[in-house]
*Asks:* 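Got a structure here, written out as structure tokens. Questions coming.
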Amino acid sequence: MTTLTINGQEVTLDLDPETPLLWALRDELHLTGTKFGCGVAQCGACTVMLDGMPRRACVTPIGSIDGSEVTTIEGMEGAEFDAIQTAWRAIDVPQCGWCQSGQVMQATALLQMVPSPTDDQINDAMAGNICRCATYHRIRAAIHDAAKTLEG
């Protein structure tokens with residue numbers, strides 16, 4: 001048994017402790033905003049917040065995070081998240097949308113840690129999040145836009 005707080009609610013999962021968090025979220029809890037992309041933590045589509053930090057859910061066994069707090073895209077809130085969502089829509093970032101929840105999670109974490117990031121800081125923070133549609137220039141612009149919104 002693994003007990004986690006997911007999006008503010010305590011949940012006990014009766015699953016093999018080696019079950020990846022991604023599958024516990026999607027298959028057991030029906031939180032499908034977190035996407036499967038590669039299964040080896042290389043694309044970022046499965047990014048969630050684990051105890052306030054971005055983490056790849058596809059390679060995180062639930063048994064290793066017993067007692068932790070997990071926030072998925074469905075449970076995100078706060079000024080940085082709101083600013084990112086607004087900028088994402090204004091700049092029309094998504095195309096196919098598959099990577100977007102992971103991109104948004106990573107971008108939100110970046111703004112929480114670095115309120116006014118440079119291009120290099122954005123590139124470094126977002127490097128592990130692949131966009132198959134190659135909207136990287138719009139992602140960077142949206143992060144800058146969100147940072148400006150938070151400053152003003």
*Asks:* Measure the spacing between CH2 of W98 and SG of C131 and express it to the nearest 0.5 Å.
*Replies:* 13.5 Å
*Asks:* Does the side chain of M76 reach to within under 4.5 Å of the side chain of M49, using non-hydrogen atoms?
*Replies:* yes
*Asks:* Quick check: do T2 and L15 have side-chain heavy atoms less than 4.5 Å from each other?
*Replies:* no
*Asks:* Look up atom CG in N7 and atom CG in L25, then write down how far apart they are to the nearest 0.5 Å.
*Replies:* 8.0 Å
*Asks:* Find the distance between SG (C46) and CG (N129) and round it off to the nearest 0.5 Å.
*Replies:* 9.0 Å
*Asks:* Hey, are the side chains of P117 and L111 touching, using non-hydrogen atoms and a 4.5 Å cut-off?
*Replies:* yes
*Asks:* Would you check if R140 and N123 make a side-chain contact, meaning some heavy-atom pair closer than 4.5 Å?
*Replies:* yes
*Asks:* Could you state the interatomic distance from CD1 (I73) to NZ (K35), rounded to the nearest 0.5 Å?
*Replies:* 10.0 Å
*Asks:* Closest heavy-atom contact between A107 and M126?
*Replies:* N-SD, 3.8 Å
*Asks:* Can you measure from CD (Q103) to CD1 (I84) and round to the nearest 0.5 angstrom?
*Replies:* 10.5 Å
*Asks:* How about I122 and Y136: do any of their side-chain heavy atoms sit closer than 4.5 Å?
*Replies:* no
*Asks:* At their closest point, which heavy atom of E74 faces which heavy atom of G33, and how far apart are they?
*Replies:* OE2-N, 2.7 Å
*Asks:* Do D119 and H144 come within less than 4.5 Å of each other through their side chains, counting heavy atoms only?
*Replies:* yes
*Asks:* Can you tell if the side chain of T149 reaches within under 4.5 Å of the side chain of T86, non-hydrogen atoms only?
*Replies:* no
*Asks:* Checking side-chain contact (heavy atoms from CB on, under 4.5 Å) against Q95, which of Q100, R132, R138 comes through?
*Replies:* R138
*Asks:* For residues V48 and T60, determine if any side-chain heavy atom of one lies less than 4.5 Å from a side-chain heavy atom of the other.
*Replies:* no
*Asks:* Are more than 12 heavy atoms from other residues, nucleotides or ligands located less than 6.0 Å from atom CD of Q121?
*Replies:* yes
*Asks:* Could you tell me whether the side chains of R55 and T47 share a donor-acceptor contact shorter than 3.5 Å?
*Replies:* no
*Asks:* Mind checking the CD1-OG1 spacing from I65 to T3? Nearest 0.5 Å is all I need.
*Replies:* 11.5 Å
*Asks:* Within the side chain of R26, is there an N or O that forms a donor-acceptor pair under 3.5 Å with the backbone of T34?
*Replies:* yes
